[in-house]
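All values reported here derive from a predicted model rather than from experimental measurement. For ligands, and for the atoms within them, numbers begin at 1 and follow the listed sequence.
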Amino acid sequence: MASILSICLLFITVCTAGGFRENVVSRCVFTSPDPKDIEYIYSAYYNKKEYIRFNSTVGKFVGYTEFGVKNAERWNSGPELSNRRAEKERYCDHNVPIWYSTPLITTVEPTVRLHSTTPPAGHHPAMLVCRVYDFYPKQIRVSWTRDGREVTSGVTTTEEMEDGDWFYQAHSDLEYTPRSGEKISCVVEHASLKQPLVVDWEPSMPESERNQIAIGASGLILGLILSLAGFIYYKRKARGRILVPTN
Ligand SMILES: *[C@@H]1O[C@H](CO)[C@@H](O)[C@H](O)[C@H]1NC(C)=O
């Protein structure tokens, strides 16, 4: 393994030592598929140093070295200028709408889960965790609301973390003191969402479920009382019957 590596290193050294390198990069920089939001950049480098650039927004060549400045002068008054201007249309304006509609710039909606946990020993008796994961791109905002108003204290939010598979995750904690009847929500804003995603905190059980359990428990207690009453009544009757003398 080590020998393969050293051969490679030797090869790279031989290739670059004393070599001369000219390279040219054409770029399309865009914020939308609209031609007016597209910039075409053509840069020429010699031994890694950029010496001339055509920027479609500027509309002409600009030189950065003596050689580059001379070339820019010549190219700006020759056919190279109209060639580069046409290149914006041919290369960028044509391709950007295609790139725009592909997974290159796809956004992926986050999955959001809320759960309660034990708060660290501190000021508040309760803590909620909002886990936001599997989203793309990285930029995201996670916040909390209490009865519709944003909460600022007791909130700790992590940086976006890479999952290692192009997706990101972020977590936010809210430490708080519960009040009865309040509504707490985790709010997520992300490029993939047309409007903020609001996830409401549901105390461990939904209300309907709690009602059902209350009804069931009342029924059970009523049944126990009635059977106890019946049992006592039966015992009394039985004792009375035994006491009757038989002649
Ligand atoms: C191109 O030129 C415009 C206008 O001067 C400038 O705002 C933009 O940053 C330039 N783009 C690049 C990649 O240099």
Side-chain angles (χ1 to χ4, degrees), residues 8-9 11-110 132-143 157-170 172 187-197:
C8 290
L9 287 174
F11 181 68
I12 292 166
T13 313
V14 169
C15 288
T16 53
F20 303 103
R21 182 189 294 240
E22 161 85 18
N23 63 296
V24 160
V25 177
S26 287
R27 284 186 282 162
C28 305
V29 182
F30 54 97
T31 52
S32 96
D34 191 325
K36 75 168 170 33
D37 295 330
I38 301 173
E39 194 168 78
Y40 168 71
I41 311 287
Y42 166 98
S43 302
Y45 301 78
Y46 181 69
N47 283 351
K48 297 188 188 173
K49 184 168 172 46
E50 187 178 14
Y51 64 90
I52 196 166
R53 179 187 291 188
F54 173 85
N55 175 338
S56 66
T57 308
V58 177
K60 60 182 175 113
F61 289 95
V62 176
Y64 302 115
T65 65
E66 196 187 330
F67 176 72
V69 169
K70 279 210 180 110
N71 259 279
E73 246 166 59
R74 201 156 52 82
W75 287 358
N76 280 332
S77 53
E80 288 87 355
L81 190 66
S82 50
N83 285 351
R84 283 305 130 204
R85 285 182 177 166
E87 199 62 2
K88 184 211 180 239
E89 223 169 278
R90 191 197 68 80
Y91 180 49
C92 296
D93 295 359
H94 173 73
N95 282 307
V96 166
I98 300 168
W99 296 328
Y100 213 83
S101 62
T102 68
L104 272 184
I105 53 156
T106 292
T107 61
V108 180
E109 276 184 39
V132 184
Y133 54 95
D134 286 351
F135 57 86
Y136 184 89
K138 186 179 180 183
Q139 293 71 23
I140 201 159
R141 185 172 129 83
V142 182
S143 57
T157 304
T158 64
E159 301 251 306
E160 303 89 344
M161 294 170 278
E162 280 180 37
D163 285 353
D165 56 2
W166 283 68
F167 294 118
Y168 292 89
Q169 58 174 302
S172 185
V187 181
V188 178
E189 290 160 88
H190 187 251
S192 62
L193 303 163
K194 287 202 177 64
Q195 56 207 31
L197 177 61

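What sits closest to atom 4 (C) of ligand 1 on the protein, heavy atoms only, is Thr57 CG2, 3.8 Å. In this structure, atom 3 (C) of ligand 1 lies nearest to the protein heavy atom Asn55 ND2, 3.6 Å. The closest protein non-hydrogen atom to atom 5 (O) of ligand 1 is Val58 CG2, 3.9 Å. Protein heavy atom at the shortest distance from atom 11 (N) of ligand 1 is Glu39 OE1, 2.9 Å. Nearest protein neighbour of atom 14 (O) of ligand 1, counting heavy atoms only, is Arg53 NH1, 2.7 Å.
Under the 4.5 Å side-chain criterion, counting only non-hydrogen atoms from C-beta, His190 is in contact with Pro137. Annotation: side chain of Glu162 is in contact with side chain of Tyr168 (closest heavy-atom distance under 4.5 Å). Two residues are said to be in side-chain contact when any heavy atoms from C-beta on lie closer than 4.5 Å; Trp75 and Phe54 fail this criterion.
A cation-pi arrangement is found for Arg84 relative to Tyr42, the charged atom lying closer than 6.0 Å to the ring centre and inside a 45° cone about the ring normal.
Shown here, atom 9 (O) of ligand 1 is out of close reach of the protein: none of its heavy atoms lies under 4.0 Å off.
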task = Report the C-alpha distance between Ser192 and Thr107 in whole Å, list the side-chain angles of each, state the deciding distance to 0.1 Å, and finish with yes or no for side-chain hydrogen bond (donor to acceptor under 3.5 Å, both in side chains).
result = CA-CA 5 Å; Ser192 62; Thr107 61; 4.8 Å; no
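Partner of Tyr51 under the ring-ring contact (aromatic ring centres under 6.0 Å, His included) criterion, chosen from Tyr45, Tyr64, Phe67, Phe61: Phe67.
Within ligand 1, counting atoms from 1 as listed, the ones closer than 4.0 Å to a heavy atom of Ile41 are 11 (N), 12 (C), 13 (C).
Put simply, no part of Val29 is less than 4.0 Å from ligand 1, judged by heavy atoms.
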